Amino acid sequence: MIAIQDLTFTYKNGKTPALQDICLSVPSGGFLGIIGPAGAGKTTLLRAITGVIPHHYTGDFYGSVHVNGMDTVDTSLDRLSGITGMVFQDVESQIIFPTVEDEILYGLENFGVPREEIPLRISEALHKVGIPDLLERSIASLSGGQRQKVAIASILALKPQVLVLDEPTGELDPGSSRQIFTILKELNEEGVTIVLVEQKIMLLCEFAKDLAVLDGGHVVLQGETRKVLTQVEKLQSVGVNCPRVTTLSHLLTERIGRQQPVCVNLDEAERMVRGLMK
Ligand SMILES: Nc1ncnc2c1ncn2[C@@H]1O[C@H](COP(=O)(O)OP(=O)(O)OP(=O)(O)O)[C@@H](O)[C@H]1O
Ligand SMILES: [Mg+2]
């Protein structure tokens with residue numbers, strides 16, 4: 001479980017707080033999606049959850065962040081990273097080794113995974129993201145999308161209890177993006193807590209149980225995904241466009257004057273339209 005209480009954080013070289021008065025909780029096994037405009041504080045919030053704020057990125061830190069009961073300020077980054085794995089927004093800064101195998105191996109060795117378990121962990125992680133054939137490839141020979149999958153695989157191999165991902169599908173085509181979300185859903189069903197920043201709003205709304213909307217360092221909306229999606233005007237005011245199927249259900253509610261269900265995927269929109277045509 002992640003519990004954030006009155007968190008305000010200003011980077012050491014920052015003039016204003018990047019996060020302000022954040023109160024947010026994610027239950028164990030939760031799946032929280034975070035959205036908001038550029039500079040809203042999404043990455044900063046993920047850094048606070050993993051503990052790199054305040055351990056690596058220093059600054060003024062007020063309030064508290066607890067992950068599985070541990071206060072991130074009092075707990076070492078080593079201990080915290082045994083629980084939480086993070087896929088960075090900037091894949092290039094995440095990958096440090098010249099080959100795919102070395103990249104995944106490094107984390108496993110670092111976390112003391114027994115030698116005999118390592119080959120299976122690597123192969124499972126690569127299979128999960130659909131790139132088993134890239135094991136021996138050099139990173140330099142990979143496309144942006146392939147690198148993104150390597151970064152995700154290297155974190156999955158560590159089997160974190162909490163998985164934090166910062167725009168993990170930025171370099172991926174729609175098919176691969178859905179594949180990643182499907183993997184995240186499976187992991188979530190196995191009990192892994194997921195916190196994810198994502199621009200692909202339609203995918204996010206289909207998979208995330210809860211949403212938090214950030215703007216200017218504040219959480220301006222939070223709650224169950226469908227409930228948050230009913231706040232169309234508020235979302236638009238911070239520059240977040242609802243998925244088109246959701247907008248359709250809102251428009252129909254307005255035009256017909258009868259509440260339509262909030263749709264988050266095409267199947268639901270089809271059902272709603274068929275219901276209306278009856
Ligand atoms: N390392 C840093 N040092 C100082 N200020 C930072 C640092 N990283 C981010 N900031 C500032 O904190 C604020 C929030 O940035 P953050 O990167 O968290 O936003 P974001 O919502 O992730 O944006 P984006 O959508 O562009 O990824 C911004 O004003 C940014 O300039
Ligand atoms: Mg960011």
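Just the heavy atoms: all of them, side chains too, but no hydrogens, waters or symmetry mates, feed the values below. As the structure is a computational prediction, the values presented were derived from the model and not from experiment. Counting convention: from 1, in listed order, for ligands and their atoms alike.
Annotation: atom 10 (N) of ligand 1 to nearest protein heavy atom, Y11 CE1, 3.3 Å. For atom 15 (O) of ligand 1, the closest heavy atom belonging to the protein is T44 OG1, 3.8 Å. When only non-hydrogen protein atoms are considered, atom 23 (O) of ligand 1 lies nearest to G39 N, 2.8 Å. Annotation: atom 19 (O) of ligand 1 to nearest protein heavy atom, G41 N, 3.3 Å.
Taking CG of L252 as the reference point, atom CG of L276 lies at 6.0 Å (rounded to 0.5 Å). Within the model, atoms CG of D215 and NZ of K234 stand 7.5 Å from one another, a figure rounded to the nearest 0.5 Å.
Distance alone, capped at 3.5 Å, places no donor-acceptor pair between the T58 side chain and the P54 backbone. T246 places no side-chain N or O within 3.5 Å of a backbone atom of V264 that could act as its donor or acceptor partner. Between the E103 side chain and the F97 main chain, a donor and an acceptor come within less than 3.5 Å of each other.
Residue A18 places no N or O, backbone or side chain, under 3.5 Å from any N or O of ligand 1. Considering backbone and side-chain N/O of Y57, none are found under 3.5 Å from N/O of ligand 1.
Within a 4.0 Å radius of atom 4 (C) of ligand 1, the protein contributes at least one heavy atom. Per-atom contact check: atom 1 (N) of ligand 1 touches the protein, criterion being a heavy-atom distance below 4.0 Å.
The closest approach between any non-hydrogen atom of G36 and ligand 1 is not below 4.0 Å. For the pair G59 and ligand 1, no heavy-atom separation below 4.0 Å is found.
A donor atom on one side chain and an acceptor atom on the other are found under 3.5 Å apart for R137 and S141. Side-chain contact of T44 with Y11: a donor-acceptor pair under 3.5 Å is present, judged by distance alone.
Neither the backbone nor the side chain of L45 has a heavy atom within less than 4.0 Å of ligand 1.
Salt-bridge formation is detected for the pair R147/E92: a Lys NZ or Arg NE/NH1/NH2 atom is positioned less than 4.0 Å from an Asp or Glu carboxylate oxygen. Salt-bridge check for E190 with K159: failed, with every basic side-chain N at 4.0 Å or more from each acidic carboxylate O. With respect to the salt-bridge test (charged N to carboxylate O, under 4.0 angstrom), the residues E109 and R115 qualify.
The distance from ligand 1 to the heavy atoms of Q89 drops below 4.0 Å at these ligand atoms: 27 (O). Listed by number with element, the atoms of ligand 1 under 4.0 Å from a non-hydrogen atom of P37 are 21 (O). Close approach of ligand 1 to N13 is summarised as follows: ligand atoms under 4.0 Å from at least one heavy atom of the residue are 3 (N), 4 (C). Near R47, meaning under 4.0 Å from one of its heavy atoms, ligand 1 places the atoms 8 (N).
Note on ring orientation: taking the six-membered ring where Trp is involved, the planes of F9 and F61 are perpendicular (angle over 60°, cut-offs 30° and 60°).
Atom NZ of K185 is surrounded by 12 or fewer heavy atoms from other residues, nucleotides or ligands within 6.0 Å. Within a 6.0 Å radius of CD in E136, no more than 12 heavy atoms belonging to other residues, nucleotides or ligands are found.
Listed by chain and number, the protein N, O or S atoms at a distance under 2.8 Å from the Mg ion (ligand 2) are T43 OG1, Q89 OE1.
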